[in-house]
Amino acid sequence: MRNKIIKYGAEWCQPCKVQSKIFDNLKNQYMDVEFTEIDIDKLNQDTIIDLNIKSIPTLIFKVNDEIKFKHVGVLNEKDLINKINTIFN
């Protein structure tokens, strides 16, 4: 099973930087989860539309490439841990 959390954000986005720090704190705790960060300014506009990203940061949780959960805005560390444990366990 492939577990993945993708954070869509941008370099200029302050809340995205906050989410990145939380990601960094959790990467070593969850070795079975792939944490990926993607800058929307470097994405094709069609991809952003297809994923329905209207605000950043946006987190997408996937299991075997299937979207299981989507969150818009910063997810604090406690809530992110709860989501990881709920979705991936």
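All residue numbers in this chain count up from 1 along the given sequence.
At a threshold of 4.5 Å between non-hydrogen side-chain atoms, the residues Ile56 and Pro15 do not count as touching. Between Phe61 and Ile84, some side-chain heavy-atom pair lies under the 4.5 Å cut-off. Counting heavy atoms from C-beta on, the side chains of Thr36 and Lys7 never come closer than 4.5 Å. Taking the side chain as every heavy atom from C-beta outward, Val33 and Leu26 never approach each other to under 4.5 Å. Using a 4.5 Å cut-off on side-chain heavy atoms (C-beta onward), Ile5 and Ile60 make no contact.
Using a distance-only test at 3.5 Å, with no hydrogens or angles considered, a donor-acceptor pair links the side chain of Asn76 to the main chain of Lys78. Side-chain atoms of Lys70 come within 3.5 Å of backbone atoms of Asn52 as a donor-acceptor pair (strictly under, hydrogens ignored). Side-chain atoms of Gln19 come within 3.5 Å of backbone atoms of Leu75 as a donor-acceptor pair (strictly under, hydrogens ignored).
Under a hydrophobic-cluster definition in which Ile, Leu, Val, Met, Phe, Trp and Tyr are linked whenever side-chain heavy atoms come within less than 4.5 Å, directly or via other members, Leu51 and Phe69 are assigned to different clusters. When the side chains of ILVMFWY residues are joined at heavy-atom separations under 4.5 Å, either directly or via intervening members, Val18 and Ile53 end up in two distinct hydrophobic clusters. In terms of hydrophobic clustering, with Ile, Leu, Val, Met, Phe, Trp and Tyr side chains grouped at heavy-atom distances under 4.5 Å, Leu80 and Ile38 are assigned to different clusters.
In this structure, Val72 stands alone, with no Ile, Leu, Val, Met, Phe, Trp or Tyr side-chain heavy atom under 4.5 Å from its own, directly or through other members.
We find that Lys27 and Asp24 are joined by a salt bridge, their nearest charged nitrogen and carboxylate oxygen being less than 4.0 Å apart.
Among all heavy-atom pairs drawn from Cys16 and Gly9, the shortest one is SG-CA, 3.5 Å. Among all heavy-atom pairs drawn from Lys4 and Arg2, the shortest one is NZ-NH2, 3.7 Å. Residues Lys62 and Phe88 approach most closely at O-CE2, 3.4 Å, considering heavy atoms.
Residue-environment remark: CD (Glu11) stays at or below the threshold of 12 foreign heavy atoms within 6.0 Å.
A side chain to side chain donor-acceptor pair (under 3.5 Å) check over residues 39-49, counting only residues at least two apart or in different chains, returns the pairs Trp12-Asp41.
Annotation: the span from Tyr8 atom OH to Ile48 atom CD1 amounts to 9.5 Å, rounded to 0.5 Å. For the atom pair Asp79 CG and Leu59 CG, the distance stands at 11.5 Å (nearest 0.5 Å). Taking OH of Tyr30 as the reference point, atom CG of Asn25 lies at 12.0 Å (rounded to 0.5 Å).
Defined by atom type and a distance below 3.5 Å, a donor-acceptor pair is missing between the side-chain atoms of Asn82 and Asn85.
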